Every structure is written in C-alpha cells, then in structure tokens.
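Here is the structure we will look at, set down as structure tokens.
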Amino acid sequence: MKVLELEVDESVFDKFREMMDIFPENMVKIKEIYDDSHISYAPDDEQKDIEQKMSNKDCHVVSHSNLIKL
C-alpha cells in the first residue's frame, strides 16, 4: 500500500470525503489529522494577566463528591 499526504481546503473537504467513499474500505484507509498550528499563543502581556488571575486562590472553584455505599 502507498501513502499519500493531502492538504484539502475546508470548503471542499466534505465533498472530498464523500468521493473517497466510492473505494472499498480495505483498499483505502483515511486518517484525518487536525492541525492546530495556525492558532497563535496569547501575547506576553495577556499571558501574564492570565497567570496573575490564576494565582489568586479565590478564583478557583473546588468541588468534592462523596461516595455513599448503599
């Protein structure tokens, strides 16, 4: 079996997947890979603001549950 890597635009992705359904499952294997590398990190000043807020113990909500045997 050969491996082919494709980049398919989101506007035609669903149509492309439908087209691939014409092939038998044992002849074509599809592995969808989600690429989130285009999502940027928070800017430094925003990250510092987030860290400062998260360091405040009052901003966290802690919940507990109890196990009761019947």
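Note that the structure is predicted; figures quoted are calculated from it, not measured. Worth knowing before you read on, the calculation uses all heavy atoms, side chains too, and leaves out hydrogens, waters and symmetry mates.
When the side chains of ILVMFWY residues are joined at heavy-atom separations under 4.5 Å, either directly or via intervening members, M1 and I33 end up in two distinct hydrophobic clusters. Side-chain heavy atoms closer than 4.5 Å link hydrophobic residues (I, L, V, M, F, W, Y) into clusters, and following such links, possibly through other members, connects M19 to V28. Cluster annotation: F23 and L6 are assigned to the same hydrophobic cluster (Ile/Leu/Val/Met/Phe/Trp/Tyr, side-chain heavy-atom contacts under 4.5 Å, transitive). V3 is not connected to M27 by any chain of hydrophobic side-chain contacts under 4.5 Å among Ile, Leu, Val, Met, Phe, Trp and Tyr, and they are in different clusters.
Remark: E25 CD to I30 CD1 distance equals 9.5 Å, nearest 0.5 Å.
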Exercise for review: Report the C-alpha distance between F13 and E18 in whole Å, list the side-chain angles of each, state the deciding distance to 0.1 Å, and finish with yes or no for side-chain contact (heavy atoms from CB on, under 4.5 Å).
Suggested key: CA-CA 9 Å; F13 182 77; E18 289 173 13; over 6 Å; no
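Counting non-hydrogen atoms of neighbouring residues, nucleotides and ligands closer than 6.0 angstrom, the CE atom of M54 reaches no more than 12 such neighbours. Taking a 6.0 Å sphere around CG of D44, one finds it holds 12 or fewer heavy atoms contributed by other residues, nucleotides or ligands. The environment of CE in M20 is crowded: more than 12 heavy-atom neighbours from other residues, nucleotides or ligands sit within 6.0 Å.
Using a cutoff of 4.0 Å between basic side-chain nitrogens and carboxylate oxygens, R17 and D21 are not scored as salt-bridged.
With sequence neighbours excluded, no residue forms a side-chain hydrogen bond (donor to acceptor under 3.5 Å, both in side chains) with Q52. Scanning for side-chain hydrogen bond (donor to acceptor under 3.5 Å, both in side chains) contacts around E46 gives an empty result, with sequence neighbours left out.
Each of Q47, K53, K48 was compared with E51 under the side chain to side chain donor-acceptor pair (under 3.5 Å) criterion, and only Q47 meets it.
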